[in-house]
2 protein chains.
Amino acid sequence: MTTPAAPTNDARERLAATASDLFYRKGIHSVGVDRILSEAGMSRATMYRHFGGKEDLVVAYLEGEDRTIRSQVAAAGGAPDPLAAAIHGIADDVAHRHTRGCPFINAAAEYPDEASPVRRLIATHRAWFRGVLTQAAAGAGATDPERVAAALVMLRDAALVGGYLDGAESIREAFLDAASAVTGADLA
Amino acid sequence: MTTPAAPTNDARERLAATASDLFYRKGIHSVGVDRILSEAGMSRATMYRHFGGKEDLVVAYLEGEDRTIRSQVAAAGGAPDPLAAAIHGIADDVAHRHTRGCPFINAAAEYPDEASPVRRLIATHRAWFRGVLTQAAAGAGATDPERVAAALVMLRDAALVGGYLDGAESIREAFLDAASAVTGADLA
DNA sequence: ATCGAGAGAGAACGATCGTTCTCTCTGGCG
DNA sequence: CGCCAGAGAGAACGATCGTTCTCTCTCGAT
């Protein structure tokens with residue numbers, strides 16, 4: 001077979017990576033396609049060959065975040081105490097990776113229409129995440145797993161927002177404190 | 001003295017009210033000045049006579065939110081149990097008023113530069129709010145008021161985000177649960 | 001060797017962005 | 001009465017938005 005004219009997959013991935021980085025760092029409506037293209041070093045037509053438009057780029061950005069988190073959760077699922085692993089994973093994520101807040105929460109702030117593809121994707125992601133935490137809490141022997149999961153979803157949202165607006169270092173302790181209280185576990 | 005040619009205060013307030021409503025409901029970068037003006041029923045020059053530009057309108061929007069919350073807090077300060085009053089006030093706010101999330105958190109998602117006037121205003125507001133909660137916790141006899149306040153700030157952020165993205169009714173119980181656990185109080 | 005499909009570059013599109021300019025009208029004051 | 005400072009309306013500005021079009025070049029196939 002050999003690649004026909006050019007693999008293009010390289011261009012697509014580079015485009016998605018550049019767009020994702022800009023969307024997260026600068027916000028979605030704030031960055032124009034011109035900037036994405038110049039930063040990715042490619043031309044307009046190339047982008048419109050791979051994506052239907054800017055919104056598809058936004059969806060790809062959030063799908064990428066979703067994929068990353070799912071793989072992290074899958075990795076944590078193998079730990080001896082999945083719930084504790086998830087909580088420490090969130091704390092590390094806030095401190096090192098998501099220092100500009102939660103990509104989904106930030107995107108939702110810019111997309112008020114809950115019927116839009118972006119908001120649907122966010123809703124799906126959140127429902128999945130809540131489900132995973134419910135299972136983990138049940139596995140840890142919680143008497144009311146859904147209640148624990150609901151509290152942890154709240155605390156994760158708060159940790160990401162607080163880490164962004166108040167500083168990651170000031171939120172870590174409060175987050176781990178509250179998470180211990182909710183799960184009954186002792187989290188260093 | 002009597003008003004010179006026209007009070008104009010009416011125009012200014014109507015403009016600020018219209019802009020605030022649109023910014024909150026639709027997001028900031030999504031609404032153009034044309035829409036604000038047409039919805040407020042006035043002309044461009046009138047706006048630029050009262051505000052230096054769109055960003056001043058954004059600042060006025062957040063200042064208005066700040067003022068509203070401060071007066072609500074002042075009112076709650078007179079209650080027999082200020083801390084409990086604040087918590088119930090937050091729960092009601094999420095359920096009835098701020099169903100599109102927290103204006104400050106949403107605005108911060110669109111303003112990555114922490115040196116910008118918008119972000120400075122947000123930081124000031126959050127610092128003030130944290131201080132008020134610390135005082136309230138101390139007044140309620142908490143052994144570690146700052147820790148209680150930090151937890152409540154987190155829970156308020158989470159309640160507003162969760163109320164927006166997951167529905168106000170599904171977040172109320174979790175919020176009151178967690179708040180009781182943190183404060184040690186029994187919040188119906 | 002010739003062709004055609006696919007990928008890329010860049011000019012150009014209309015629409016809208018935030019902002020400025022020009023003009024008219026009103027109302028208090030000499 | 002004449003006047004002018006202030007408020008408002010609306011046309012127009014350049015810049016940028018997201019999108020489409022046209023052209024070139026490179027490939028594999030015939």
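Owing to the predicted nature of the structure, the values given are computational and were not obtained by experimental measurement. The chains referred to below are lettered A, B, ... by the order of the sequence lines, with proteins before strands, and numbering in each begins at 1.
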Out of C/dG8, D/dT19, D/dA9, minimum distance to the side chain of A/His50 belongs to C/dG8
To the nearest angstrom, the CE-P distance between B/Met47 and D/dG6 comes to 21 Å
A/Arg35 atom CZ is separated from D/dA15 atom P, nearest whole Å, by 19 Å
Considering only heavy side-chain atoms of A/Ala45, the closest of D/dG8, D/dT19, C/dA9 is C/dA9
In whole angstroms, the gap separating P of D/dG18 from CG of A/Asp56 amounts to 14 Å
Are any of A/His29's side-chain N or O atoms less than 4.0 Å away from OP1 or OP2 of D/dC17? no
A/Arg44 has its side chain closest, among C/dT19, C/dG10, C/dA9, to C/dG10
B/Ile36 atom CD1 is separated from C/dT19 atom C1', nearest whole Å, by 14 Å
Honestly, is B/Arg120 close enough over B/Tyr111, meaning NZ or CZ under 6.0 Å from the six-membered ring centre and within 45° of the axis? no
Answer yes or no: is there a side-chain heavy-atom contact under 4.5 Å between A/Leu37 and A/Leu15?
yes
Picking from C/dA9, D/dG18, C/dG18, the nucleotide nearest the side-chain atoms of B/Val33 would be C/dG18
Looking only at C/dT20, C/dG8, D/dT20, the nucleotide nearest the B/Tyr48 side chain is C/dT20
Open item on the list: Would you say that A/Ile69 contacts A/Trp128 through its side chain, given a criterion of any heavy-atom pair below 4.5 Å between the two side chains?
Closed with: yes
Regarding the side chain of B/Ser43, the nearest nucleotide among C/dT19, D/dG18, D/dG10 is D/dG10
query: Taking it one step at a time, do A/Asp34 and A/Arg44 satisfy salt bridge (charged side-chain N to carboxylate O under 4.0 Å, His left out)?
result: CA-CA 8 Å; A/Asp34 291 29; A/Arg44 292 184 148 63; 2.2 Å; yes
Taken to the nearest whole Å, CG/A/Leu37 to P/D/dC17 is 11 Å
Rounded to whole Å, NZ of B/Lys54 lies from P of D/dA15 at a distance of 20 Å
- Message: Less than 6.0 angstrom separating the ring centers of B/His98 and B/Tyr164, yes or no?
- Response: no
note: B/Arg49, atom CZ; C/dG18, atom P; distance rounded to Å ~ 20 Å
A/Asp34 atom CG is separated from C/dA11 atom C1', nearest whole Å, by 13 Å
